[in-house]
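A, B, ... follow the sequence lines: proteins, then strands. Residue 1 opens every chain.
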Amino acid sequence: MLELAYLRNHRADAETRLAKRPIDAKALLDKAAELDEVRRATQAELDAKQAEMNTMSRSIGELMKAGRRSEADHIRVQTAEFKEHLQEMRTRLDATEKALHDHLCTIPNAPSDKVPAGRTAEDNTVVMQEGAIPELGPDARPHWELGEEFDLLHMDLGVKITGAGFPVYSGQGARLQRALIAFFLDQATAAGYREIIPPHLVNADSAFATGQLPDKEGQMYHVAEDGLYLIPTAEVPITNLYRDEILDPAQLPVKMVGYTPCFRREAGSYGKDVRGLNRVHQFDKVEIVRIERPEDSYGVLEEMVEHVKGLLRSLELPYRLLLLCGGDMGFASAMTYDMEVYAAAQGRWLEVSSISNFETFQSNRLKLRYRGADKKPHLAHTLNGSALALARIMAALLENNQGPDGIVIPKALRPYTGFDRIHK
RNA sequence: GGAGAGGUGGCAGAGCGGUCGAAUGCGGCGGUCUUGAAAACCGCUUUACCCGCAAGGGUAACGGGGGUUCGAAUCCCUCCCUCUCCGCCA
């Protein structure tokens with residue numbers, strides 16, 4: 001949620017930045033300004049009236065104590081009308097505040113100046129590309145076939161026990177999955193991130209604070225009986241660790257990493273996008289999360305990108321780095337880089353990481369602040385990125401590394417897998 | 001799941017209908033003293049919003065929500081959470 005003070009004091013900047021998204025920025029901001037004005041007027045009115053009421057109550061108390069009962073009763077009679085009026089104003093203020101809050105929830109984050117304009121994924125900027133694209137023979141096979149053939153991955157078993165989009169990993173496939181998780185966690189820990197194992201279900205407050213509610217309600221699995229949501233990413237529980245906190249300057253920066261399974265309903269997806277591991281309802285991911293001072297956050301975003309590049313290089317996967325355009329960015333993000341790896345058998349790029357700076361969009365909802373040099377609380381910047389999303393990494397590894405002698409494991413992973421090749 | 005106790009400021013812990021954002025202690029910050037430090041003493045020490053250039057003023061918040069009352073941290077209802085005991089259990 002954008003800060004009200006920002007919208008009020010930097011209206012022009014907000015409109016320019018928001019204009020990069022496919023929304024009617026002016027209309028949204030006009031309405032916010034209007035609601036804000038009504039709210040302030042209503043509150044000023046109510047506060048003044050309440051102050052009068054408080055004075056009267058105090059008088060009654062003093063008179064009662066002094067034993068001047070009839071005088072107290074005289075004032076008490078006057079309060080009846082006041083009370084009704086107060087009630088009405090309170091109701092009006094509550095309604096206005098709710099309307100304003102609800103409206104602010106519909107405004108996406110303002111894209112950073114560096115974000116290119118554009119509507120769709122076609123308009124994203126390819127920042128760089130690295131790694132040789134493997135030349136596979138005509139008999140190259142997609143990962144879902146390799147998975148069955150080598151007894152690594154079984155989509156049909158997932159269908160049997162749960163439903164479509166819930167993969168079952170087995171044997172060396174399961175081991176490879178675990179190796180990747182361990183490798184990613186170790187790399188992050190070595191880079192100074194503190195490891196967290198969070199709950200995999202969160203309450204509505206947490207889902208709201210990081211922006212999943214109300215914006216992506218249908219995207220999460222909901223356990224209605226307990227009012228809980230299965231996490232779509234570790235970002236949600238880990239970032240919420242710092243909800244309602246005012247950090248001491250010495251506590252910054254906060255660097256955390258966590259592995260969790262991620263659950264996504266992906267309602268409405270279909271076709272070749274969802275073959276095999278390309279898009280599933282449950283996948284594993286190692287996520288890095290940071291809490292930073294505003295002046296540091298964009299430097300940190302680049303640092304996080306470098307970290308993920310390092311992982312992809314270690315895995316010897318061809319990848320490219322995309323800077324998302326305004327139209328393709330997530331609702332809560334101010335700037336997002338995506339990383340895609342090339343899955344050679346399918347001949348397509350698969351998104352395996354998304355690294356975003358949310359500026360104060362999340363911290364405003366989280367009420368996550370730090371104490372500045374002026375001793376006052378300021379909203380911190382939050383960032384997070386996949387480092388890395390597992391299912392698609394596995395897909396690319398299987399496809400790209402297939403050969404006559406089985407599937408070759410990248411050197412960096414071998415200490416984790418305990419084998420250097422997957423045989424039949 | 002059942003029974004009981006309880007949720008107050010950074011922490012500990014009073015207050016149980018009247019001017020209480022809240023005693024006291026600890027911690028933290030500033031000062032006096034000291035060659036320096038400690039101790040002692042003095043002062044300060046929550047957050048959000050509104051009005052104001054500012055100085056300053058106002059409103060709200062004692063787990064969440066609702067109610068009673070002129071007035072609620074204090075009374076009532078409800079939800080959540082913590083602790084103890086019982087049951088169940090990886």
* Asked: Less than 4.0 Å between a side-chain N and a carboxylate O, is that true for K309(A) and E306(A)?
  -> yes
* Asked: For A48(A) and R369(A), take the nucleotide of RNA chain B holding the closest heavy atom to each; which residue's nucleotide lies nearer the 5' end?
  -> R369(A)
* Asked: Does any nucleotide pair with rA39(B) by Watson-Crick or G-U wobble geometry, both distances under 3.5 Å, and what is it?
  -> none
* **Within residues 53-61 of chain A, residues whose heavy atoms come under 4.0 Å of RNA chain B** => M53(A), N54(A), S57(A), R58(A), I60(A), G61(A)
* Structure fact -> Separation of rG27(B) atom C1' from D248(A) atom CG, nearest Å, is 14 Å
* Could you state the atom-to-atom distance from CD of E3(A) to C1' of rA48(B) in whole Å? => 14 Å
* To do: Mind calculating the distance between NZ (K367(A)) and P (rA61(B)) to the nearest angstrom?
  => 18 Å
* To do: Using a strict cut-off of less than 4.0 Å between a Lys/Arg side-chain nitrogen and an Asp/Glu carboxylate oxygen, indicate whether R8(A) and E3(A) qualify as a salt bridge.
  => no
* Asked: Is E340(A) salt-bridged to R392(A), cutoff N-O under 4.0 Å?
  -> no
* Counting heavy atoms from C-beta on, name the nucleotide in rC50(B), rU59(B), rU47(B) closest to the side chain of A51(A). => rU59(B)
* Indicate yes or no: does R40(A) engage D47(A) in a salt bridge with an N to O separation below 4.0 Å. => no
* Asked: To the nearest angstrom, how far is E245(A) atom CD from rU46(B) atom P?
  -> 18 Å
* If pairing requires Watson-Crick or G-U wobble contacts with both distances under 3.5 Å, which nucleotide is the partner of rC26(B)? -> rG10(B)
* Asked: Quantified in whole Å, what is the C1' atom distance between nucleotide rC77(B) and nucleotide rC29(B)?
  -> 44 Å
* Using purine N1 to pyrimidine N3 plus N6-O4 or O6-N4 for Watson-Crick, or N1-O2 and O6-N3 for G-U wobble, each under 3.5 Å, what pairs with rG1(B)? -> rC86(B)
* Residues of residues 70-98 of chain A with any non-hydrogen atom less than 4.0 angstrom from an atom of RNA chain B: list those, numerically ordered, please. => R76(A), T79(A), K83(A)
Please produce a list of atom pairs where a protein N or O lies less than 3.5 Å from an N or O of nucleotides 52-55 of chain B.
none

* **Pairwise C1' distance for rC88(B) and rU78(B), with rounding to whole Å** => 28 Å
* Taking the same atom, C1', in rG66(B) and in rA5(B), what whole-Å distance lies between them? -> 24 Å
* **Distance, C1' atom - from rC42(B) to rC62(B), rounded to whole angstrom** => 30 Å
* Looking at every strand, decide which applies to L46(A) at a 4.0 Å heavy-atom threshold: base, sugar-phosphate, or nothing. => nothing
* To do: Using the P atom on both, measure rC53(B) against rA60(B) and round to a whole Å.
  => 24 Å
* Any side-chain heavy atom of I422(A) within less than 4.5 Å of one from F419(A)? -> yes
* To do: Rounded off to whole Å, could you give me the CD-to-C1' distance for the E52(A) and rG57(B) pair?
  => 15 Å
* Asked: How far, in whole Å, is rU45(B) from rG57(B) if one measures between their P atoms?
  -> 13 Å
* **Interatomic distance, R365(A) atom CZ to N240(A) atom CG [nearest 0.5 angstrom]** => 11.0 Å
* Asked: Between atom CD1 in I246(A) and atom P in rC11(B), what is the gap in whole Å?
  -> 12 Å
* Structure fact -> Residues in residues 198-212 of chain A with a heavy atom under 4.0 Å of RNA chain B, by number, are none
* Is D156(A) salt-bridged to K160(A), going by a charged N under 4.0 Å from an acidic O? -> no
* What is the distance, rounded to the nearest whole Å, between atom CD of E225(A) and atom P of rC80(B)? -> 12 Å
* To do: Nearest whole angstrom, please: distance from the P of rC81(B) to the CG of D244(A).
  => 17 Å
* Asked: Could K83(A) and E88(A) be called an ion pair, given the rule that one side-chain N must be under 4.0 Å from one carboxylate O?
  -> no
* **Test item: M335(A) and L301(A) side chains (from C-beta on) under 4.5 Å apart, heavy atoms** => yes
* Mind jotting down which residue pairs meet the side chain to side chain donor-acceptor pair (under 3.5 Å) criterion with at least one end in residues 321-336 of chain A? Sequence neighbours excluded, please. => N124(A)-D328(A), S333(A)-T336(A), T336(A)-S356(A)
* Asked: Roughly how far, to the nearest 0.5 Å, is CD1 of I407(A) from CG of L146(A)?
  -> 5.0 Å
* Answer yes when E62(A) and R58(A) have at least one side-chain N-carboxylate O distance shorter than 4.0 Å, and no when they do not. => no
* Asked: Considering Watson-Crick and G-U wobble pairs with both distances under 3.5 Å, what does rC49(B) pair with?
  -> rG58(B)
* Asked: Distance between the C1' atoms of rU69(B) and rC75(B), in whole angstroms?
  -> 10 Å
* To do: Scan every strand shown for a Watson-Crick or G-U wobble partner of rA72(B), both distances under 3.5 Å, and answer none if you come up empty.
  => none
* Sequence neighbours excluded, which residues qualify as side chain to side chain donor-acceptor pair (under 3.5 Å) partners of S206(A)? -> N203(A), R243(A)
* Asked: What is the nucleic acid contact for R69(A), judged by heavy atoms within less than 4.0 Å: base, sugar-phosphate only, or nothing?
  -> nothing
* **Pairwise P distance for rA22(B) and rA61(B), with rounding to whole Å** => 14 Å
* Asked: Centres of the Y259(A) and H200(A) rings: under 6.0 Å?
  -> no
* To do: Using a 4.0 Å heavy-atom cut-off across all strands, classify Q50(A) as base, sugar-phosphate, or nothing.
  => sugar-phosphate
* Is D102(A) salt-bridged to K98(A), cutoff N-O under 4.0 Å? -> yes
* Going by modelled atom types, is there a donor-acceptor pair between the base of rU19(B) and the side chain of E62(A) at under 3.5 Å? -> yes
* **side chain to side chain donor-acceptor pair (under 3.5 Å) assessment of Q346(A) paired with E399(A)** => CA-CA 8 Å; Q346(A) 296 183 71; E399(A) 292 187 17; 3.0 Å; yes
* Is there a side-chain polar atom (N or O) of R371(A) under 4.0 Å from OP1 or OP2 of rU45(B)? -> no
